[in-house]
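The structure follows.
Each residue takes its place number in the sequence, starting with 1. Because only heavy atoms are used, hydrogens play no part in the values below, and waters and symmetry mates are left out as well, while side chains stay in.
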Amino acid sequence: MLFWSLDRFTREGVLETLQHLQRLTGNGVDWWSFKEEYLRSIGPFRDAVLSILATIAKQERVRLSERVRAGLDRARAQGKVVGRPKVVIDRAKVLELHQQGLSQWDISQMLGVSRASFGRIIAERGAGGPSTTSAEAS
């Protein structure tokens with residue numbers, strides 16, 4: 001089995017990486033890394049090299065996650081909205097169509113509202129929530 005590099009094969013850490021590769025070896029599958037020529041299923045230093053590279057790959061995944069989280073935090077601190085954009089739903093229209101007897105599916109299709117949002121609007125109405133005003137929902 002040929003893989004591009006160990007960090008593309010897995011980023012799970014030393015133990016998990018060694019287990020994956022030992023499973024391959026145990027099933028008679030020879031493996032090697034295209035980019036890391038020294039990394040093959042045969043050779044005296046295989047386990048030592050694997051341990052080092054697997055640790056580096058796992059640390060790379062942790063650093064990537066930290067950078068993404070820091071970038072999102074910085075964007076929020078600058079007042080940017082992250083995530084999916086809010087969908088504006090005309091709650092009054094949803095309730096009006098519901099009172100006319102249209103099905104949840106029909107209303108969802110007509111207004112471009114998810115069935116989950118439809119359900120929340122109806123539930124809010126029943127719980128004494130906003131009933132006739134337009135508002136945002138996710």
Side-chain angles (χ1 to χ4, degrees):
M1 175 180 148
L2 175 66
F3 48 88
W4 182 254
S5 64
L6 188 65
D7 67 335
R8 291 287 160 236
F9 177 71
T10 180
R11 293 183 181 173
E12 294 179 279
V14 178
L15 179 62
E16 295 84 357
T17 300
L18 289 174
Q19 288 174 343
H20 290 312
L21 294 174
Q22 286 172 350
R23 245 181 267 124
L24 288 171
T25 303
N27 288 312
V29 176
D30 288 336
W31 48 264
W32 63 96
S33 168
F34 182 77
K35 294 297 278 182
E36 299 134 347
E37 297 136 14
Y38 48 84
L39 191 56
R40 294 181 173 268
S41 57
I42 56 173
F45 301 109
R46 176 194 67 177
D47 291 338
V49 171
L50 278 176
S51 296
I52 292 167
L53 292 174
T55 301
I56 291 169
K58 183 175 183 180
Q59 190 58 37
E60 181 181 334
R61 180 182 60 163
V62 169
R63 279 194 309 267
L64 177 63
S65 175
E66 288 171 350
R67 286 193 301 265
V68 168
R69 202 171 310 120
L72 289 172
D73 290 344
R74 184 186 51 186
R76 285 186 192 103
Q78 293 173 351
K80 295 181 181 174
V81 178
V82 295
R84 287 176 40 170
K86 299 281 185 185
V87 176
V88 177
I89 300 172
D90 185 349
R91 293 172 181 269
K93 186 72 173 172
V94 170
L95 294 170
E96 176 188 329
L97 293 171
H98 180 63
Q99 288 174 348
Q100 291 176 8
L102 271 70
S103 71
Q104 178 179 352
W105 172 259
D106 290 336
I107 295 170
S108 297
Q109 294 299 305
M110 286 174 62
L111 301 179
V113 175
S114 73
R115 292 190 292 168
S117 293
F118 173 88
R120 277 194 300 275
I121 292 168
I122 299 303
E124 288 172 0
R125 170 74 185 243
S131 58
T132 57
T133 60
S134 293
E136 292 184 2
S138 56

Between CG of L64 and CZ of R69, what distance do you get to the nearest 0.5 Å?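 Here the rounded value is 10.0 Å.
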
Kindly work out whether a path of hydrophobic side-chain contacts (I/L/V/M/F/W/Y, heavy atoms less than 4.5 Å apart) joins I52 to F9. no

Anything under 30° is parallel, anything over 60° is perpendicular, the rest tilted; go ahead and classify H98 against F118.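 Correct class here is perpendicular.
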
First locate atom CG of L95, then atom CD of E124, and finally report the distance between them rounded to the nearest 0.5 Å.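 Output value for this atom pair is 9.0 Å.
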
Pairs under 3.5 angstrom only: tabulate donor-acceptor contacts from the side chains of residues 24-32 to other protein residues two or more places apart or in another chain.
residue	atom	partner	partner atom	Å
T25	OG1	L21	O	3.0
T25	OG1	W31	NE1	3.0
N27	ND2	R23	O	3.0
D30	OD1	S41	OG	3.4
W31	NE1	L21	O	3.4

Can you tell me if R61 and S65 form a side-chain donor-acceptor pair at under 3.5 Å?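 Not at all, the side chains of R61 and S65 share no donor-acceptor pair under 3.5 Å.
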
Counting C-beta onward and ignoring hydrogens, is there a side-chain heavy-atom pair between K93 and L97 closer than 4.5 Å? yes

The reported gap from CZ in R115 to CH2 in W105 (rounded to nearest 0.5 angstrom) is 6.0 Å

Return yes if some donor-acceptor pair links the side-chain N/O of Q104 with the main-chain N/O of G119 below 3.5 Å, else return no.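 Looks like no, no N/O pair under 3.5 Å.
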
Measure across L2 and S33 and return the closest heavy-atom pair with its distance rounded to 0.1 Å.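 Answer, listing the atom of L2 first, then S33: CD1-C, 4.2 Å.
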
For a quick test of reading the model, state the closest non-hydrogen atom pair linking L111 to V94 and the distance between them. CD1-CG2, 3.5 Å

